[in-house]
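Presented below is the structure to which this report refers.
Proteins get letters first, then strands, A, B, ... in listed order; numbering begins at 1 in each.
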There are 2 protein chains.
Amino acid sequence: MLPQPIPVELAEIIAQRLRIIGDPTRIRLLDALRSGERSVNHLTEQLGTSQQNASKHLGMLLQAGIVSRRKQGTTSWYAIADDSVLALCEQICGALQAQLEELSAIVGPTR
Amino acid sequence: MLPQPIPVELAEIIAQRLRIIGDPTRIRLLDALRSGERSVNHLTEQLGTSQQNASKHLGMLLQAGIVSRRKQGTTSWYAIADDSVLALCEQICGALQAQLEELSAIVGPTR
DNA sequence: CCAGAGTACCACCGTGCAGTTGTACATAGG
DNA sequence: CCTATGTACAACTGCACGGTGGTACTCTGG
């Protein structure tokens with residue numbers, strides 16, 4: 001599926017994508033959106049951060065096409081538009097768990 | 001598999017992991033290692049970067065447990081230790097292609 | 001028309017990181 | 001030994017980014 005020598009441009013696109021998701025606040029925003037559509041106010045309170053910060057990160061996720069925005073009155077409702085990002089986090093956690101199991105096997109092999 | 005409210009610490013770990021992979025040079029290093037074990041010198045020439053830069057990024061990937069190092073004489077041989085990173089890139093590309101197809105469907109729906 | 005709520009944008013600051021330069025270390029060859 | 005080769009580490013610089021404060025804009029309710 002991937003071309004054998006990945007061109008520099010594609011490497012930069014992939015890297016940019018990974019860096020967009022690679023932020024604790026944005027990961028927590030996406031996590032909060034797993035339950036469904038949420039307003040900025042709700043997300044701000046759930047994360048315990050400032051409204052400006054939440055809006056800023058949601059704007060970045062929106063521009064990247066990872067979330068979608070729906071305006072109703074004065075409130076904006078955000079939702080996950082790209083389900084693959086959650087699978088990405090799952091995969092990361094899976095790799096981490098595999099590494100931890102290897103380490104524990106080395107530390108305590110006979111036990 | 002993932003806990004429902006992702007704890008802040010886990011979000012930071014996932015984010016750090018994504019940021020480590022989210023660099024064009026490191027993605028190209030991992031891509032070059034898809035063909036098998038390679039020396040620093042070989043990777044330096046293949047990427048067209050400096051030896052110091054390649055060594056620096058390889059050190060980061062090594063510390064993260066993504067690649068492995070084997071020293072023989074004066075040369076260091078690096079190899080991919082965590083195959084899931086390649087699947088990660090594949091997934092990113094898949095999501096990008098899906099988004100592109102959606103866009104092209106909007107731009108030229110009858111053609 | 002006015003006040004308040006909800007949201008987004010802008011400027012700023014501090015931090016972290018990518019790339020470069022210089023250099024130290026280890027090993028093989030003569 | 002002495003030199004060359006291959007690699008890793010430290011310091012520096014420029015730049016991008018995360019968080020914050022301030023503010024403008026929009027819509028709703030009175």
Item to check | For atom NZ of B:K56 and atom P of D:dA11, their distance in whole Å | outcome: 12 Å
Checklist entry - OP1 or OP2 of C:dA18 less than 4.0 angstrom from a side-chain nitrogen or oxygen of B:T25, does that happen here? => result no
Item to check | Length of the line joining B:R19:CZ and C:dG16:C1', which is rounded to integer Å | outcome: 8 Å
Next on the checklist: Using a 4.0 Å heavy-atom cut-off, does B:S76 contact any base of the nucleic acid, only the sugar-phosphate backbone, or nothing at all?
Outcome noted: sugar-phosphate
Next on the checklist: Nearest whole Å is fine: how far is C:dA8 C1' from A:L43 CG?
Outcome noted: 15 Å
Next on the checklist: I need the CE-C1' distance between A:M60 and C:dC9, as an integer number of Å.
Outcome noted: 14 Å
Item to check | Distance test, side-chain N/O of B:H57 to OP1/OP2 of C:dG19, below 4.0 Å | outcome: yes
Item to check | Distance, rounded to the nearest Å, where A:N53 contributes CG and C:dA8 contributes P | outcome: 13 Å
Checklist entry - Have A:N41 and A:S39 got a donor and an acceptor in their side chains that come within less than 3.5 Å? => result no
Checklist outcome for this item: Out of D:dT20, C:dA5, C:dA26, minimum distance to the side chain of B:T74 belongs to C:dA26
Checklist entry - Under 4.0 Å between a Lys/Arg side-chain N and an Asp/Glu carboxylate O for B:R28 and B:D31? => result no
Checklist entry - Considering only side-chain heavy atoms of B:S39, which listed nucleotide, C:dG19, D:dT7, C:dT20, is closest? => result D:dT7
Checklist entry - Any side-chain N or O of A:Y78 less than 4.0 Å from the OP1 or OP2 oxygen of C:dG6? => result no
Next on the checklist: Which is more 5' along DNA chain D, the nucleotide nearest A:Q52 or the one nearest A:D23? Just name the residue.
Outcome noted: A:D23
Next on the checklist: Without decimals, in angstroms, what is the distance between B:I20 CD1 and C:dA18 P?
Outcome noted: 9 Å
Checklist entry - Is the closest side-chain heavy-atom distance between B:T44 and B:L47 below 4.5 Å? => result no
Checklist entry - Are A:L18 and B:L96 connected in the hydrophobic side-chain network, where two residues link if heavy atoms are under 4.5 Å apart? => result yes
Checklist outcome for this item: From the list A:L58, A:I80, A:L43, A:V67, side-chain contact (heavy atoms from CB on, under 4.5 Å) partner of A:R38 resolves to A:L43
Checklist entry - Counting only side-chain N and O atoms of A:R69, is one of them less than 4.0 Å from OP1 or OP2 of C:dA8? => result yes
Checklist entry - Whole-Å distance between D:dC17 C1' and B:L18 CG? => result 16 Å
Checklist outcome for this item: Closest of D:dG18, C:dT20, D:dA8 to the B:K71 side chain is D:dA8
Checklist entry - Taking CD from B:Q72 and P from D:dT5, how many angstroms apart are they, rounded to a whole number? => result 19 Å
